[in-house]
K.L.:
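I have a structure here, written as structure tokens, and I will follow up with some questions on it.
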Amino acid sequence: MRWDTANGVVKTYFFYITSVLNDTDNMANSSAPLSALNTSSPWAHRAEILENPLRTYLLGIIISICGNILISISLNIQKYAHVRQSQRDSKPYYTSVVWWCGVALMGVGELGNFAAYGFAPASLIAPLGCVSVIASAVISVIFLKETVRVSDVVGGTLAIAGTYVLVTFAPHTTTHITAHLIQYYIVSWYFVLYLFLEVLLFCILLYMYKKRNVKHIVVVMLLVALLASLTVISVKAVSGMITESIKGQLQFIYAIFYVMLVIMIASCAFQIKFLNQAMKMFDATEVVPINFVFFTASAIVAGIVFYQEFEGLALLNIFMFLLGCLLSFLGVFLIARNRPKVKHQGPDLIALDKVPGRSLTDRAQPEANTPTYGSLAAKLACNSGSRSRHDS
């Protein structure tokens, strides 16, 4: 009798637990459509932003560091190919297999940087570009036998310390970049205001550069930096949507993916155009550190405004992150400052110090009373005149 009673109690309790679980499942299933309908709300996007998978975050950092190291190796390989071709006085550099290997390595490194934006915040990936400067300085000393300067050691130490501080105190949130999230960010009022101010500033600088002929390095580098902010936004969007598509959530069916792809290609093309103009007008020791500082600052601002990467970040973390950026900026400036140049002389030229009675301080100048004294036109006229006299 007691066994039957106990058995009945157990059965009754078992049926009660089963019914409760079934009711819970039914409630979850019935609420699923409601949550799906509310994905366009700001709270749904905010919950998606605050997700923090540490493995994905570290993967983005490792990919970015490896990509920057490959870029530095490729630059030194191309430099070695240039030096070797000039010494041998053989075919052009683009016929060298070594040079093309360097180009291929650079492509792989840039691809790594592109992929890193899909795993880690843009405000962290951009400052990690100082790794390329540090690695390039080390490789040039080891393989190209360049001299080690005190500024290289100090700059490398500061850049490494800045990189460590950046990685430690940067925002560790990882956003799942989807087409719906990008559309939500684009129509936000703070990004619309940011885009308006950026376009206005770009038009003013472009007018000064083209119409007023203001060829200051800050003007050109600001044009590059403003384009770089759009490049960072679009690169992270395209890379993130490709990552989500690989995971199984197809994003290629949305028009916003192709809009961001066009913005990425166009901004990169014009950015390279202005950067090449800067390299022609100014020395590389000026362009490299200023471009790194401006590009990093624009990428951080773009990540804060568009992707809200500093949302919920503690004040101490923000301060230490900015300190890490400052240390990296200073380190890159010291490494690039007064960098020795590789100069090549053609085989048909004779140095002035080898000519009897002439020194390196001798200069060919046009007559001082000509209207184009000291200008490029006068130098060309002087050269053409001497050539015609030589022919006669």
Side-chain angles (χ1 to χ4, degrees), residues 61-87 93-94 96 98-116 124-164 166-167 217 221 224 228 271-272 275-276 278-280 282-296 299 324-344:
I61 295 175
I62 293 173
I63 293 176
S64 178
I65 292 176
C66 293
N68 284 304
I69 292 176
L70 286 178
I71 290 174
S72 63
I73 294 174
S74 70
L75 290 175
N76 282 276
I77 289 177
Q78 294 178 62
K79 186 176 180 180
Y80 170 75
H82 283 291
V83 173
R84 191 178 68 170
Q85 293 295 107
S86 64
Q87 291 175 349
Y93 65 90
Y94 51 80
S96 172
V98 177
W99 185 81
W100 281 109
C101 290
V103 173
L105 276 179
M106 176 172 283
V108 175
E110 293 293 351
L111 186 62
N113 271 336
F114 173 79
L124 174 62
I125 297 301
L128 288 179
C130 67
V131 174
S132 176
V133 180
I134 301 171
S136 181
V138 173
I139 293 172
S140 63
V141 169
I142 296 176
F143 294 100
L144 298 180
K145 307 303 179 182
E146 294 186 0
T147 57
V148 182
R149 304 171 302 166
V150 178
S151 60
D152 293 336
V153 178
V154 177
T157 304
L158 290 176
I160 292 173
T163 303
Y164 174 78
L166 281 171
V167 173
I217 187 172
M221 290 293 97
V224 175
Q271 186 181 341
I272 293 173
L275 194 58
N276 285 332
M279 293 294 290
K280 291 179 182 178
F282 309 102
D283 192 75
T285 57
E286 297 176 310
V287 175
V288 170
I290 295 178
N291 179 58
F292 175 73
V293 172
F294 283 10
F295 171 81
T296 304
C325 290
L326 181 61
L327 292 176
S328 299
F329 295 162
L330 185 58
V332 171
F333 173 76
L334 290 176
I335 293 174
R337 184 175 63 92
N338 297 328
R339 199 75 191 161
K341 305 174 187 177
V342 179
K343 295 184 178 180
H344 313 294

K.L.:
Rounded to the nearest 0.5 Å, how far does CD1 of Ile71 lie from CE of Met106?
P.N.:
6.5 Å
K.L.:
What are the two closest non-hydrogen atoms of Ala81 and Val98, and how far apart are they?
P.N.:
CB-CG1, 4.3 Å
K.L.:
For Asn113 and Leu128: C-alpha separation, side-chain torsions, deciding distance, then whether side chain to side chain contact (heavy atoms under 4.5 Å, CB included) applies.
P.N.:
CA-CA 10 Å; Asn113 271 336; Leu128 288 179; over 6 Å; no
K.L.:
Tell me the closest heavy-atom pair linking Ala126 and Ala299, and the distance in Å.
P.N.:
CB-CB, 3.3 Å
K.L.:
Measuring from atom CZ of Phe329 to atom CD1 of Ile290, what distance do you get when rounded to the nearest 0.5 angstrom?
P.N.:
12.5 Å
K.L.:
Hey, are the side chains of Glu146 and Lys79 touching, using non-hydrogen atoms and a 4.5 Å cut-off?
P.N.:
yes
K.L.:
So, does Ser140 use its side chain to make a donor-acceptor pair with the main chain of Ala137 at under 3.5 Å?
P.N.:
yes
K.L.:
Looking at OG of Ser136 and CG of Asn68, how far apart are the two atoms once the value is rounded to the nearest 0.5 Å?
P.N.:
11.0 Å
K.L.:
CZ of Phe333 to OG of Ser328: how many Å apart, nearest 0.5 Å?
P.N.:
15.0 Å
K.L.:
Which pair of non-hydrogen atoms, one from Met221 and one from Ala278, has the smallest distance, and what is that distance?
P.N.:
CE-CB, 3.4 Å
K.L.:
Do the side chain of Asp152 and the main chain of Val148 share a donor and acceptor less than 3.5 angstrom apart?
P.N.:
no
K.L.:
Quick check: closest heavy atoms across Gly155 and Leu334, and the distance to 0.1 Å?
P.N.:
CA-CB, 3.8 Å
K.L.:
How many angstroms lie between CD1 in Ile335 and CZ in Phe292, if you round to the nearest 0.5 Å?
P.N.:
9.5 Å
K.L.:
Do you know the tightest heavy-atom contact between Gly324 and Leu166?
P.N.:
C-CG, 3.9 Å
K.L.:
Taking atom CD1 of Ile142 and atom CG of Asn76, what is their separation to the nearest 0.5 Å?
P.N.:
10.0 Å
K.L.:
Could you tell me whether the side chain of Val103 reaches within less than 4.5 Å of the side chain of Ser74, counting heavy atoms only?
P.N.:
no
K.L.:
Which heavy atom of Ile63 sits nearest to which heavy atom of Gly112, and what is that distance?
P.N.:
CG2-O, 3.0 Å
K.L.:
Would a distance-only check, ignoring hydrogens and angles, find a side-chain to backbone donor-acceptor pair under 3.5 Å from Ser72 to Ile69?
P.N.:
yes
K.L.:
Applying ring-ring contact (aromatic ring centres under 6.0 Å, His included) to Phe143 and Tyr80, what does each step give before you reach the verdict?
P.N.:
CA-CA 9 Å; Phe143 294 100; Tyr80 170 75; 9.5 Å; no
